[in-house]
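Following: one structure in structure tokens, then a few remarks.
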There are 2 protein chains.
Amino acid sequence: MLDRLGDKWTTLVLLVLAGGPRRFSALGRAVPDISKRMLTQTLRELERDGFVTRHVFPTKPPSVEYRLDALGHSMLEPLAALVAWAERNHAAVAAARTRYAASEAAGHGP
Amino acid sequence: MLDRLGDKWTTLVLLVLAGGPRRFSALGRAVPDISKRMLTQTLRELERDGFVTRHVFPTKPPSVEYRLDALGHSMLEPLAALVAWAERNHAAVAAARTRYAASEAAGHGP
DNA sequence: CAGGATCCCTTCCGATACTG
DNA sequence: CAGTATCGGAAGGGATCCTG
């Protein structure tokens with residue numbers, strides 16, 4: 001189950017849907033670099049697990065809207081906490097990587 | 001960066017290290033089904049990103065201890081919140097999957 | 001004990017083409 | 001518009017063997 005939260009796209013899609021219902025193509029535009037294939041797959045999994053509901057409007061051409069339901073909203077808070085942490089600390093991580101790269105070069109070099 | 005938290009093993013290793021410093025083999029035993037290969041790789045990434053520090057004791061045979069440093073500890077709280085959420089809601093997810101499987105069978109069947 | 005190197009099979013995923 | 005189907009390359013990761 002933690003695997004799904006760990007999925008690269010799942011989190012991004014959820015964060016977009018946190019801003020309100022979105023249509024398939026709107027999600028595609030809001031989540032950069034996601035392919036139709038992965039967007040479909042991600043949405044199917046989220047629907048399957050009860051995080052989002054899918055509404056089909058039988059217009060022509062058809063449009064489909066996805067929205068978070070109660071379960072999806074409930075996990076938004078802990079998720080947002082983690083995202084907030086990541087934003088606060090990404091600089092520290094970047095610094096750590098620089099230090100690590102430097103010690104790597106020093107330790108294994110000629 | 002969120003990718004790394006999304007990694008299957010990273011979270012599990014971090015949660016074990018939350019209980020205190022551990023040696024390499026102890027981690028291997030504490031995280032079921034992780035291979036030496038993946039444990040090494042996961043620890044390298046965590047070290048690289050400044051979440052854990054690595055202490056080598058020049059005994060014979062050598063032993064290596066990993067422990068969370070400040071950055072690692074700081075992310076434990078949001079992570080724990082997410083894990084707590086998962087534990088509270090895994091039943092709801094399981095129920096959603098059952099419903100989904102049922103509607104799948106009904107919708108696409110003969 | 002801790003971990004690097006290699007092999008090799010599996011899964012993931014993007015590109016492309018087609019449909020209701 | 002919102003998908004589905006198929007293919008092929010790229011990446012993930014286990015098994016095994018080797019070293020300090």
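The separation between A:Glu47 atom CD and D:dA2 atom P is 15 Å, rounded to whole Å. Between the C1' atom of D:dA2 and the CZ atom of A:Arg29 lies a distance of 12 Å, rounded to the nearest Å. If you take NZ of B:Lys36 and P of C:dT6, they are 16 Å apart, rounded to a whole angstrom. Per the geometry, CG belonging to A:Asp33 stands 14 Å off P belonging to C:dC13, to the nearest Å. When the P atom of D:dA2 is taken as reference, atom CZ of A:Phe24 falls 7 Å away, rounded to whole Å. One interatomic measurement links the two molecules: CD of A:Glu45 to C1' of C:dT11, which rounds to 13 Å at whole-angstrom precision. Rounded to an integer number of Å, the gap from CE of B:Met38 to P of D:dG13 is 4 Å. With rounding to whole Å, B:Gln41 atom CD is found 12 Å from C:dG4 atom C1'.
Distances from the side chain of A:Pro61 to the nucleotides D:dG14, D:dA2, D:dC1 place D:dC1 closest. Distance from the side chain of A:Pro62 is smallest for C:dG20 among the nucleotides C:dG20, C:dG3, D:dG14.
As judged by a 4.0 angstrom heavy-atom cut-off over every strand, A:Tyr66 is placed among residues touching the sugar-phosphate backbone only.
When atom types are taken as modelled, the side chain of A:Thr11 and the backbone of A:Lys8 share no donor-acceptor pair closer than 3.5 angstrom.
Where B:Ser25 and A:Lys8 each meet DNA chain C at their nearest nucleotide, the meeting point lying more 5' is that of B:Ser25.
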